[in-house]
Amino acid sequence: MTVPPEELRSAADFPPTTREQWSELALGVLRKSGVEAGSPEEALASVTYDGVTIAPLYDASDLPGDPGLPGAAPYVRGARPEGGSWEVRQRHEVADPEAVLADLENGVTSLWLALEPEDLPRVLDRVHLELISITLDAGERTREAAEALFAVAEGKRAAAGRLRAPGAAPGESTSGESASSGTGGRTVDGRGGDGPAGERGPGELAGNLGADPLRDPETAIDLARRCVADLPGLRAVVVDGTPYHDAGGSDAEELGCSVAAGVAALRILTGAGLAVDEAFGQLEFRYAATADQFLTIAKLRAARRLWARVAEVCGAAASGHGAGQRQHAVTGSAMMTARDPWVNMLRTTLACFAAGTGGADAVTVQPFDARLGLPDAFARRIARNTHALLVEEAGVARVIDPAGGSWYVERLTEELAEKAWEWFQEIERAGGMAAALESGLVAGRLAATWERRSENIAHRRDPITGVSEFPDLAERVPVRRAGPGRAGGVRYAQEFEALRDLADAQESRPKVFLATIGPVAAHTARTSFAANLFQSGGIAAVTAAAAAPGADPAVTAAPGVDPGRIAAAFVASGAEVACLCSSDRLYGEHAEAVAAALRQAGARKVWLAGKGEFAGVDANLYAGCDALGVLRTTFDDLGVAR
């Protein structure tokens with residue numbers, strides 16, 4: 001049907017809707033659903049681990065104020081006025097030159113090398129340093145790694161000088177092509193331009209040396225002085241917020257700790273004689289990006305605002321080298337799972353999108369198999385192609401600060417910054433970051449948050465797809481070579497995965513019989529719920545139809561509501577624990593009789609999916625129950641040692 005033009009209406013023709021009208025309509029829907037609440041805002045709101053309330057609706061009145069312009073203080077909207085893509089930074093933990101070259105030839109523009117210093121010359125032998133940036137992660141051997149990198153760069157400059165014709169410009173060979181790439185000025189990933197580090201001559205360096213002033217101030221000071229004097233493309237210090245995130249901390253706690261650590265680094269560097277602007281220019285910050293895209297976007301925006309405030313208080317130039325906080329976002333380690341690792345591809349895609357949208361200068365996507373050992377070539381390819389898909393196909397980098405102006409994002413950014421600043425001030429009152437770490441203030445705060453988070457994970461209020469929700473007991477987990485691994489940190493899935501490992505280690509898989517009562521329509525929802533819960537711990541959930549392959553169909557057929565037939569199917573299953581699954585109405589009519597029959601048939605424990613107390617039923621499963629507690633109790637009832 002064709003609508004005549006005169007009947008077409010634009011959005012401007014519709015009457016405006018007020019928040020009050022939305023509230024009235026939403027409240028009506030909630031009441032029809034049986035939800036009693038004073039307001040829909042109360043019923044539908046959620047609260048983050050930092051105490052920030054996420055409202056169900058935002059409008060223009062929620063805007064906290066002018067966030068400024070991209071590239072200008074307070075840098076909420078990004079530190080780069082021109083916008084553009086982020087550096088694709090891939091991490092390497094083993095000395096594999098071929099893997100490094102494969103990355104660089106297929107989209108990676110920055111290397112994060114957690115290698116021994118003696119391995120750097122071999123790994124970087126065929127790498128054109130002037131086309132990429134290098135970030136070192138050598139821990140106690142940072143000084144040695146930096147010297148090794150300097151030596152590699154010097155050797156490449158010397159080699160390029162021997163090949164250059166008299167009078168040729170830096171970077172130009174005798175053939176007129178770029179001596180650095182041999183491709184007429186194209187970067188290693190095939191795109192035109194100067195690459196992530198700008199125009200540099202052969203062997204010139206850009207990146208971060210990875211020094212930590214709190215652990216080794218002498219090395220940090222020496223490297224910072226050298227960078228300021230001779231190596232303008234390098235920064236000496238990384239302020240790493242990811243350990244606080246990996247300890248189970250919240251977003252504001254990660255931010256507050258990173259700002260406090262950054263201030264401590266500034267004190268060390270300026271105390272050694274560096275000017276304020278020089279000290280700011282030596283710092284790069286690293287943050288965790290998670291599958292919660294909006295909190296990640298807000299966290300990166302808030303981090304820049306917080307650091308701009310520090311720069312203002314310290315008297316740094318508003319447009320200086322470090323006032324606009326350089327950020328490296330890494331897809332978070334805590335959210336990664338070993339079970340159903342393919343889901344990690346989805347988690348890291350969300351995290352990468354959020355990091356890019358939030359304005360990170362460099363982003364590292366962890367390979368989906370990172371929890372299993374050393375990533376293989378396929379996993380590294382998927383990791384780098386995540387960036388390519390978002391940048392080239394989705395066009396995420398075509399818009400400067402795409403989240404800017406969102407009522408929700410701007411309010412969330414403001415409130416997260418306020419919470420982080422309060423935590424930062426508490427650390428400062430305790431004597432600064434070093435003192436707060438030594439006294440246990442930071443550890444205690446992070447542990448308290450992890451305890452709350454663990455409780456929510458255990459109760460499946462914070463679901464983990466493929467682990468605590470929708471597990472696949474038949475999955476074949478890929479096998480990977482063991483890697484060096486990273487010290488410390490928690491994993492959100494660790495308790496569920498430990499039980500899965502325990503179940504897999506048994507000679508025969510532990511199982512629970514789901515005693516369905518009544519027709520399929522009456523028990524399907526709770527059967528699915530109970531099966532999902534038990535399987536999250538590696539425990540098989542069997543019904544009468546699958547109780548014992550080859551058993552008498554008269555026993556294994558749908559038993560309806562007959563307690564005797566249900567008990568016979570239970571015996572045929574070989575299980576020792578049962579769980580009733582049906583509707584509330586049928587529970588009232590049959591639960592006690594079925595429970596008694598199961599007890600007489602030898603059931604050690606009888607659960608019921610749902611709420612309500614019935615004779616013969618030991619405990620209940622329901623949405624929000626302690627799933628880990630249920631699983632551990634079931635292992636005990638089945639005689640499986642934990």
Side-chain angles (χ1 to χ4, degrees), residues 11 14-68 74 76-78 245 249-256 287-306 332 335 347 350-351 353-355 357-359 399 401-424 448-449 452-453 455-457 459-463 492 623-624:
F14 290 91
T17 301
T18 65
R19 186 190 286 261
E20 290 71 24
Q21 289 173 313
W22 172 86
S23 182
E24 182 179 350
L25 292 171
L27 191 58
V29 172
L30 288 171
R31 286 173 176 167
K32 288 180 181 179
S33 303
V35 177
E36 294 296 330
S39 70
E41 287 83 1
E42 294 176 5
L44 300 175
S46 59
V47 181
T48 72
Y49 287 102
D50 293 306
V52 174
T53 298
I54 307 297
L57 182 71
Y58 291 84
D59 60 24
S61 66
D62 292 298
L63 287 174
D66 184 6
V76 173
R77 304 197 61 192
H245 169 85
S250 67
D251 295 288
E253 287 164 354
E254 181 185 359
L255 287 175
Y287 294 107
T290 73
D292 191 326
Q293 62 178 9
F294 286 109
L295 272 175
T296 297
I297 292 169
K299 177 167 68 176
L300 296 176
R301 300 170 98 247
R304 292 192 296 271
R305 174 169 185 181
L306 294 169
M335 71 176 179
R347 296 185 179 100
L350 277 169
F353 168 83
T357 303
V399 178
D401 186 27
S406 162
W407 301 324
Y408 172 36
V409 171
E410 298 291 3
R411 170 53 57 184
L412 185 58
T413 298
E414 176 74 9
E415 295 186 359
L416 194 57
E418 290 175 356
K419 295 292 185 181
W421 191 258
E422 290 173 4
W423 172 226
F424 161 65
T449 301
R452 288 186 289 131
R453 193 187 298 273
E455 186 77 3
N456 285 335
I457 292 171
H459 288 255
R460 302 200 299 175
R461 291 188 287 265
D462 287 355
Y492 299 156

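Sequential numbering from 1 along the given sequence is applied to the chain's residues.
Considering CG of Leu44 and CG of Leu57, their distance stands at 10.0 Å, rounded to 0.5 Å. We find the CZ-CG distance between Arg347 and Asp292 to be 13.0 Å, quoted to the nearest 0.5 Å. Residue Thr357 holds its OG1 atom at 10.5 Å from CZ of Arg301, rounded to the nearest 0.5 Å.
Heavy-atom minimum distance, Ala291 versus Ala351: N-CB, 4.4 Å. Taking every heavy atom of both residues into account, Pro40 and Pro56 meet most closely at O-CG, 4.1 Å. Closest non-hydrogen pair, Ala354 versus Ile297, comes out as O-CG1, 3.5 Å. Taking both residues in full, the closest heavy atoms of Ala420 and Leu255 are given as CB-CB, 3.6 Å, listed atom of the first, atom of the second, then distance. Here the closest non-hydrogen pair linking Val35 and Ala43 is CG1-CB, 4.3 Å.
Tyr287 meets the ring-ring contact (aromatic ring centres under 6.0 Å, His included) test with no other residue; sequence neighbours excluded. The side chain to side chain contact (heavy atoms under 4.5 Å, CB included) check on Leu63 picks up Trp407, Glu410, with sequence neighbours excluded. By the side-chain hydrogen bond (donor to acceptor under 3.5 Å, both in side chains) test, Glu253 pairs with Ser250, Arg445, Thr449, sequence neighbours left out. With sequence neighbours left out, the side chain to side chain contact (heavy atoms under 4.5 Å, CB included) criterion links Ala298 to Leu412, Thr413, Leu416. Checked against ring-ring contact (aromatic ring centres under 6.0 Å, His included), Trp423 has no partners two or more places apart in sequence or in another chain. Shown here are the side chain to side chain contact (heavy atoms under 4.5 Å, CB included) partners of Arg461, two or more places apart in sequence or in another chain: Glu455, Asn456, His459. The side chain to side chain contact (heavy atoms under 4.5 Å, CB included) search around Ser46 returns Ile54, not counting sequence neighbours. Listed by chain and number, the residues in a salt bridge (charged side-chain N to carboxylate O under 4.0 Å, His left out) with Arg305 are Glu414 (sequence neighbours excluded). In this structure Arg453 satisfies the salt bridge (charged side-chain N to carboxylate O under 4.0 Å, His left out) test with no other residue, sequence neighbours excluded. For Arg77, the salt bridge (charged side-chain N to carboxylate O under 4.0 Å, His left out) criterion is met by Asp401, not counting sequence neighbours.
Summarising the local packing, CD of Gln21 is surrounded by more than 12 heavy atoms from other residues, nucleotides or ligands at distances under 6.0 Å.
A donor-acceptor pair is defined here as one N or O able to donate and one able to accept, closer than 3.5 Å; such a pair exists between the side chain of Arg304 and the backbone of Val76. Put simply, the side chain of Thr296 gets close to the backbone of Thr290: a donor and an acceptor are under 3.5 Å apart. Counting only distance, with no hydrogens or angles, the side chain of Lys419 and the backbone of Asp251 share no donor-acceptor pair below 3.5 Å.
Within the structure, every pair that satisfies the salt bridge (Lys or Arg N to Asp or Glu O under 4.0 Å) test and touches residues 42-60, not counting sequence neighbours, is listed here: Arg19-Asp59. Sorted by first and then second residue, the pairs that involve residues 40-60 and meet ring pair (Phe, Tyr, Trp, His ring centres under 6.0 Å), not counting sequence neighbours, are Tyr58-Tyr408.
Taking 4.5 Å as the limit, some side-chain heavy atom of Leu27 sits within range of a side-chain heavy atom of Arg31.
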